[in-house]
2 protein chains.
Amino acid sequence: MPDSAFGEIRDLPLFAAMTDVNFAALVRGAYVQTFPAQIELIAEGDPSDFLHIVLSGSVDLFASWNGREASLSTVRPISTFILAATVRDAPYLMSARTLEKSRIALIPSQDVRAVFDSDAGFARAVVTELAQCYRSVVKAQKDLKLRTSLERLANYLLRQQRRAGGAATFELEHEKRRLASVLGMTPENLSRAFKGLQPHGLAVEGARVTITDQAEFRRFARPSPLIDDATT
Amino acid sequence: MPDSAFGEIRDLPLFAAMTDVNFAALVRGAYVQTFPAQIELIAEGDPSDFLHIVLSGSVDLFASWNGREASLSTVRPISTFILAATVRDAPYLMSARTLEKSRIALIPSQDVRAVFDSDAGFARAVVTELAQCYRSVVKAQKDLKLRTSLERLANYLLRQQRRAGGAATFELEHEKRRLASVLGMTPENLSRAFKGLQPHGLAVEGARVTITDQAEFRRFARPSPLIDDATT
DNA sequence: CCTTCCGATTGATAAATGTCAAGGCCACGT
DNA sequence: ACGTGGCCTTGACATTTATCAATCGGAAGG
């Protein structure tokens with residue numbers, strides 16, 4: 001197991017505070033693998049054998065019930081997913097699939113739990129990460145319960161704009177039908193929602209989006225730091 | 001600060017593993033207070049000064065945006081809330097109000113963070129609690145995104161039935177308009193949803209609910225352990 | 001160049017949900 | 001006993017969202 005492969009995760013906030021010995025114990029049974037796009041990495045209900053870390057590419061977390069399916073979030077480098085299941089040694093609540101070709105590090109869950117018990121620095125980092133994840137879901141919950149689909153789309157676009165650098169014109173990074181699932185609506189409805197935002201200062205052609213009237217668009221979207229800020 | 005007041009929280013999983021010294025440090029600046037019903041304990045956006053623990057009664061966690069309001073969850077004894085905000089020293093994402101007369105313990109957030117840094121046992125317990133909270137929100141998210149309002153109500157009733165002991169007849173524990181908010185619908189719609197479940201084996205009179213045909217009702221609700229089990 | 005395929009879009013329609021207004025029921029206090 | 005107020009329910013209606021079917025358009029491959 002070449003150390004080099006894990007150099008990039010050694011500096012993650014999650015692992016930065018732990019001792020070299022414990023980090024070595026953590027990666028001893030770990031491995032890094034490259035997956036093509038659209039591979040299902042885990043299925044909800046499976047036991048949580050590995051903590052996953054996205055090194056490059058991106059991963060879609062989704063869930064199914066009664067024949068329906070919904071995207072819950074997207075994991076981007078460099079961060080972990082299903083940490084909570086690993087910690088609790090409980091089954092996954094979500095399935096995961098690669099959205100594009102992705103490099104994923106897999107660390108055996110039992111090693112995570114073992115090191116977690118012996119390394120206070122690591123335990124602290126896990127708490128911070130978990131609290132972050134928790135707050136993200138709460139924000140998603142508020143987004144879903146308090147906003148109409150038009151408002152959700154508008155605020156999503158503002159977040160995406162910021163992530164893309166803040167310019168008036170930027171690209172959607174997901175295919176639209178997945179975006180629809182993330183936003184909790186059907187693809188058809190998303191199409192109509194894009195049209196519905198035109199009077200509020202939006203222009204769309206394909207995956208290229210332009211906020212033509214930033215002030216009016218924000219007035220409509222009413223973004224809130226308690227829902228839309230990724231950092232807080 | 002009488003120790004007796006904190007005896008009941010000493011045995012909580014969250015505090016069980018920590019040393020007496022650290023527990024004492026934690027409760028030194030803490031206090032227990034009894035609040036009447038319908039008191040707003042915290043407001044979203046406030047800095048997280050205290051970790052709250054519900055000792056008796058119950059607390060509603062809710063959020064507002066643009067004049068709308070939605071209940072996100074209910075906290076019952078004995079458990080904490082806004083642990084994540086405390087840990088990250090970040091503003092509350094939700095507001096909290098008492099649903100009934102309640103006894104609440106308040107522990108200064110900075111003490112929690114300090115002890116957390118020095119007591120590995122406590123840190124571990126915090127992780128477990130946080131992971132639990134996280135998984136609860138994910139389940140709520142799945143409930144909301146994958147189910148119609150009728151299905152959400154049906155599964156809520158099954159969960160409530162179990163909590164009430166499993167008998168065919170049981171009582172709703174919330175007033176219906178709050179239940180509506182929890183389930184993500186309007187009170188009017190909840191009324192109609194109750195009627196819509198009658199053909200599937202439900203009878204309602206006031207707050208008294210009877211599942212008249214358990215098999216048919218479950219067939220309609222299709223409960224899933226990955227959404228409806230509180231424990232996993 | 002043409003075909004094929006897949007996602008996006010559009011229109012028509014149905015279903016679900018929200019809104020508004022009115023009325024019923026029940027507990028409470030006078 | 002009688003108002004009174006709060007909550008729940010009901011009905012009519014508007015809005016939102018989903019569904020179904022058809023079409024458009026670009027990308028990949030022959």
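Computed from a predicted model, the values in this text were never measured in an experiment. Throughout, a chain's letter reflects where its sequence line sits, starting with A, and its residues are numbered from 1.
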Engineer: Would you find a donor on one side and an acceptor on the other, under 3.5 Å apart, between the side chain of B/Gln161 and the backbone of B/Ala167?
Structural biologist: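 It does hold such a pair.
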Engineer: Any pair with a residue in residues 180-205 of chain B that passes side-chain hydrogen bond (donor to acceptor under 3.5 Å, both in side chains), sequence neighbours left out, goes on the list, sorted by first then second residue, please.
Structural biologist: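 Output for this query lists B/His200-B/Glu216.
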Engineer: To the nearest 10 degrees, what angle separates the axes at the start and end of the helix from C/dC1-D/dG30 to C/dT30-D/dA1, five pairs each?
Structural biologist: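 Roughly 30°, once rounded to the nearest ten degrees.
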Engineer: How about A/Arg163 and A/Gln160: does a side-chain donor come under 3.5 Å of a side-chain acceptor?
Structural biologist: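 A/Gln160 and A/Arg163 do have a side-chain donor-acceptor pair below 3.5 Å.
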Engineer: Among residues two or more places apart or on two chains, list those pairs meeting salt bridge (charged side-chain N to carboxylate O under 4.0 Å, His left out) that have a residue in residues 41-50 of chain B.
Structural biologist: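 Only A/Lys142-B/Glu44 qualify under salt bridge (charged side-chain N to carboxylate O under 4.0 Å, His left out).
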Engineer: Considering residues at least two apart in sequence or located in another chain, which fulfil the salt bridge (Lys or Arg N to Asp or Glu O under 4.0 Å) criterion with A/Arg222?
Structural biologist: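 None.
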Engineer: Nucleotides 6-10 of chain D: which of its N/O atoms have a protein N/O under 3.5 Å away?
Structural biologist:
unit_1 : atom_1 : unit_2   : atom_2 : d
D/dC7  : OP1    : B/Arg177 : NH2    : 2.7
D/dC7  : OP2    : B/Arg177 : NH2    : 2.9
D/dC8  : OP1    : B/Lys176 : N      : 2.6
D/dC8  : OP2    : B/Arg177 : N      : 3.3
D/dT9  : OP1    : B/Lys176 : NZ     : 2.7
D/dT9  : OP2    : B/Ser191 : OG     : 2.7
D/dT9  : O5'    : B/Ser191 : OG     : 3.1
D/dT10 : OP1    : B/Lys195 : NZ     : 2.9
D/dT10 : OP2    : B/Lys195 : NZ     : 2.9
D/dT10 : O5'    : B/Lys195 : NZ     : 3.4

Engineer: Can you list everything that forms a salt bridge (Lys or Arg N to Asp or Glu O under 4.0 Å) with A/Asp89? Sequence neighbours excluded, please.
Structural biologist: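 For A/Asp89 the salt bridge (Lys or Arg N to Asp or Glu O under 4.0 Å) partners, ignoring immediate neighbours, are A/Arg113.
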Engineer: Assess whether a salt bridge exists between A/Arg76 and A/Glu173, defined as any Lys/Arg side-chain N lying under 4.0 Å from an Asp/Glu carboxylate O.
Structural biologist: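 Looking at A/Glu173 together with A/Arg76, the answer is yes, because their closest N to O distance falls below 4.0 Å.
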Engineer: Any pair with a residue in residues 63-82 of chain B that passes ring-ring contact (aromatic ring centres under 6.0 Å, His included), sequence neighbours left out, goes on the list, sorted by first then second residue, please.
Structural biologist: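 ring-ring contact (aromatic ring centres under 6.0 Å, His included) check on residues 63-82 of chain B returns B/His52-B/Phe81.
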Engineer: Under 3.5 Å, which donor-acceptor pairs do the side chains of residues 54-62 of chain B form with other protein atoms, sequence neighbours left out?
Structural biologist:
unit_1  : atom_1 : unit_2   : atom_2 : d
B/Ser56 : OG     : B/Arg103 : N      : 3.4
B/Ser58 : OG     : B/Glu100 : OE2    : 2.6
B/Asp60 : OD1    : B/Ser71  : OG     : 3.2
B/Asp60 : OD1    : B/Arg178 : NH1    : 2.3
B/Asp60 : OD2    : B/Ser71  : OG     : 3.2
B/Asp60 : OD2    : B/Arg97  : NH1    : 2.9
B/Asp60 : OD2    : B/Arg178 : NH1    : 3.3

Engineer: Charged N to carboxylate O under 4.0 angstrom, A/Glu129 versus B/Arg88?
Structural biologist: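 A salt bridge is absent here (no side-chain N lies under 4.0 Å from a carboxylate O).
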Engineer: Just to verify, what does A/Pro187 make a side chain to side chain contact (heavy atoms under 4.5 Å, CB included) with, not counting sequence neighbours?
Structural biologist: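 Partners of A/Pro187 under the side chain to side chain contact (heavy atoms under 4.5 Å, CB included) test: A/Arg177, A/Ala180.
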Engineer: When you list every nucleotide of DNA chain C with an atom under 4.0 Å from a heavy atom of chain A, which one comes first 5' to 3', and which comes last?
Structural biologist: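 First and last nucleotides in contact are C/dG7 to C/dA12.
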Engineer: Looking at residues at least two apart in the chain, or sitting in another chain, which of them share a salt bridge (Lys or Arg N to Asp or Glu O under 4.0 Å) with A/Asp228?
Structural biologist: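 A/Asp228: salt bridge (Lys or Arg N to Asp or Glu O under 4.0 Å) contacts with A/Arg147, A/Arg159.
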Engineer: In residues 140-159 of chain A, what residues come within less than 4.0 Å of DNA chain D, judged by heavy atoms?
Structural biologist: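 Within this stretch, A/Ser149 sit under 4.0 Å of the strand.
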Engineer: Tell me the interatomic distance from A/Glu205, atom CD, to D/dC24, atom C1', rounded to whole angstroms.
Structural biologist: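 Those two atoms, CD and C1', are 16 Å apart.
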